[in-house]
2 protein chains.
Amino acid sequence: MKRLEELSNQKRSYATGDYLYRSGDRFKSLHAIRSGSFKTRVLHEDGREQVTGFLMAGEIIGLEAISTDVHTCEALAMEDSEVCELPYAKLAELSREIPSLQRHLYKIMSREIVRDQGIMLLLGSMRAEERLAAFLLNLSQRNATHGMSATQLRLRMSRLEIGSYLGLKLETVSRAFSHFQDEGLIQVKARAVDIVALSRLREMVGK
Amino acid sequence: MKRLEELSNQKRSYATGDYLYRSGDRFKSLHAIRSGSFKTRVLHEDGREQVTGFLMAGEIIGLEAISTDVHTCEALAMEDSEVCELPYAKLAELSREIPSLQRHLYKIMSREIVRDQGIMLLLGSMRAEERLAAFLLNLSQRNATHGMSATQLRLRMSRLEIGSYLGLKLETVSRAFSHFQDEGLIQVKARAVDIVALSRLREMVGK
DNA sequence: GGGCTATTTTGACATATATCAAGTCAAACG
DNA sequence: CGTTTGACTTGATATATGTCAAAATAGCCC
């Protein structure tokens with residue numbers, strides 16, 4: 001871990017809306033988010049876009065680019081954020097000397113695959129409100145992991161971005177929020193969401 | 001590569017419908033498909049399932065399990081198939097000695113992430129016929145990669161399985177096939193598909 | 001080859017979500 | 001403060017896809 005810290009000499013700041021990288025950029029480094037949050041999205045020639053992830057502190061961003069040395073999606077800051085740059089060449093080299101680092105890297109990449117497959121399940125076989133419930137539960141859990149409240153969420157993203165992530169239109173997202181509130185599942189005030197009935201939300205997604 | 005071959009002493013056969021692994025199985029090995037094909041799917045408590053991939057010869061299966069040492073999805077043979085077992089512990093060890101193997105492993109995992117994000121784009125922002133077009137083009141390209149025809153496809157999966165993969169009902173898939181045929185894009189005869197207008201299919205998905 | 005079963009196609013209809021269009025609200029700014 | 005601007009909510013309606021049901025077809029076993 002210490003040797004890893006030495007590696008990441010670079011710590012950089014990004015303001016809301018700044019790009020960490022764009023589609024087509026040459027890949028040089030992974031980035032560890034120190035504070036703040038980013039969204040990643042893939043673009044389609046015809047202008048369509050799909051948000052593929054919302055990343056928070058502690059998470060690693062850029063793994064998709066290893067395959068071709070070129071970024072296939074773009075990442076931008078959703079708030080003022082800081083990242084550590086992890087030069088990939090050095091990281092790979094170091095992982096050869098430090099087995100635990102190597103194991104860790106494989107696991108991180110595998111975890112990303114699992115995460116993506118979970119989203120595929122969501123997009124492929126859940127209905128609008130189930131998707132939103134799953135989304136809120138995921139945020140709740142990650143919030144808790146970071147020592148924050150599991151029930152008081154401050155969303156960093158707009159309804160439009162949530163919609164893109166969940167494969168829904170922003171109006172549908174908004175309606176689902178309103179409906180959840182009517183049902184007493186959550187309290188919504190713009191981007192401040194208070195989960196009132198966590199267990200009932202869990203039932204909605206079948207767990 | 002030679003050392004890799006020594007590693008995979010085990011070569012095993014699977015009949016149609018056999019499980020390569022199930023959800024919950026302890027993870028020990030990756031598998032390289034030698035011949036045949038497999039599908040992977042994730043299951044939801046309530047019985048819903050989502051097909052997450054159709055894998056062919058030359059592809060590596062099981063990467064998602066590295067993250068937790070437990071398989072989070074299941075894989076089964078769509079036809080009589082053969083795989084090489086690649087014990088993960090040995091593979092990881094070997095990758096420390098052989099830099100090119102390590103690079104290759106990272107790339108394979110990254111490629112899987114890119115693939116999954118492509119499916120997320122498809123599921124989140126494409127309509128039924130665009131999804132099917134993208135699916136056929138993907139099969140076509142992989143077929144070609146394996147030295148087979150880019151236009152004559154023999155589907156190994158049912159309409160139901162295609163539907164699950166594309167987030168559609170089987171009837172919708174069937175109708176899309178019929179419509180493509182009416183439009184002169186393809187010739188369909190059950191699971192034999194002949195792509196007549198590859199370029200027009202490409203236009204449909206915007207490239 | 002004939003019958004059996006699973007798969008696929010097709011049709012009529014239902015519905016979840018998208019689309020279009022106002023309206024509300026809140027933060028930002030002069 | 002009043003105005004502007006972008007984000008969000010809500011309503012009315014349209015539409016893509018799902019659902020249900022039946023017929024056609026293909027694959028399979030004896």
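Throughout, a chain's letter reflects where its sequence line sits, starting with A, and its residues are numbered from 1.
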Salt bridge flag under 4.0 Å for residues A:Glu130 and B:Arg48
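A salt bridge links A:Glu130 with B:Arg48.
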
From D:dT9, D:dA21, D:dA26, nucleotide with atom closest to B:Lys189 side chain
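For B:Lys189, the side-chain atoms sit closest to D:dA26.
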
From D:dT17, C:dT9, D:dA26, nucleotide with atom closest to B:Ser174 side chain:
C:dT9

Any side-chain N or O of [X] under 4.0 Å from OP1/OP2 of [N]?
{"X": "B:Thr172", "N": "D:dG18", "answer": "yes"}
{"X": "B:Ser158", "N": "C:dA6", "answer": "no"}
{"X": "B:Lys169", "N": "D:dT19", "answer": "yes"}

Any cation-pi pair here, A:Arg159 with A:Phe177, using under 6.0 Å and within 45°?
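Output yes; distance and angle both within limits.
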
[X] [atom1] to [N] [atom2], straight-line distance once rounded to whole Å:
{"X": "A:Arg159", "N": "C:dA26", "atom1": "CZ", "atom2": "P", "result": "13 Å"}
{"X": "B:Met157", "N": "C:dA6", "atom1": "CE", "atom2": "P", "result": "21 Å"}
{"X": "B:Leu123", "N": "C:dT17", "atom1": "CG", "atom2": "C1'", "result": "16 Å"}
{"X": "B:Leu168", "N": "C:dT9", "atom1": "CG", "atom2": "P", "result": "14 Å"}
{"X": "A:His179", "N": "C:dT17", "atom1": "NE2", "atom2": "P", "result": "12 Å"}
{"X": "A:Arg191", "N": "D:dG6", "atom1": "CZ", "atom2": "C1'", "result": "10 Å"}
{"X": "A:Glu171", "N": "C:dG23", "atom1": "CD", "atom2": "P", "result": "16 Å"}
{"X": "B:Leu160", "N": "D:dT19", "atom1": "CG", "atom2": "P", "result": "12 Å"}

Pick base, sugar-phosphate or nothing for A:Gly167, based on heavy-atom distances below 4.0 Å to the nucleic acid.
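Here A:Gly167 touches the backbone only, sparing every base.
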
Could you check A:Val188 against A:Arg127 and say which one's nearest nucleotide on DNA chain D is further toward the 5' end?
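Result of the comparison: A:Val188.
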
Roughly how far, to the nearest 0.5 Å, is CG of B:Leu123 from OG of A:Ser125?
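Between atom OG of A:Ser125 and atom CG of B:Leu123 there are 9.5 Å.
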
Does atom CZ (A:Arg154) have a neighbourhood of more than 12 heavy atoms from anything else shown, all under 6.0 Å?
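For A:Arg154, atom CZ is not crowded (no more than 12 foreign heavy atoms under 6.0 Å).
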
With a sphere of 6.0 Å drawn around CZ of B:Arg22, does it hold more than 12 non-hydrogen atoms of other residues, nucleotides or ligands?
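Counting other residues, nucleotides and ligands, CZ of B:Arg22 stays at 12 neighbours or fewer.
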
What about A:Arg175, does its side chain sit under 3.5 Å from the base of C:dT19 through a donor-acceptor pair?
yes

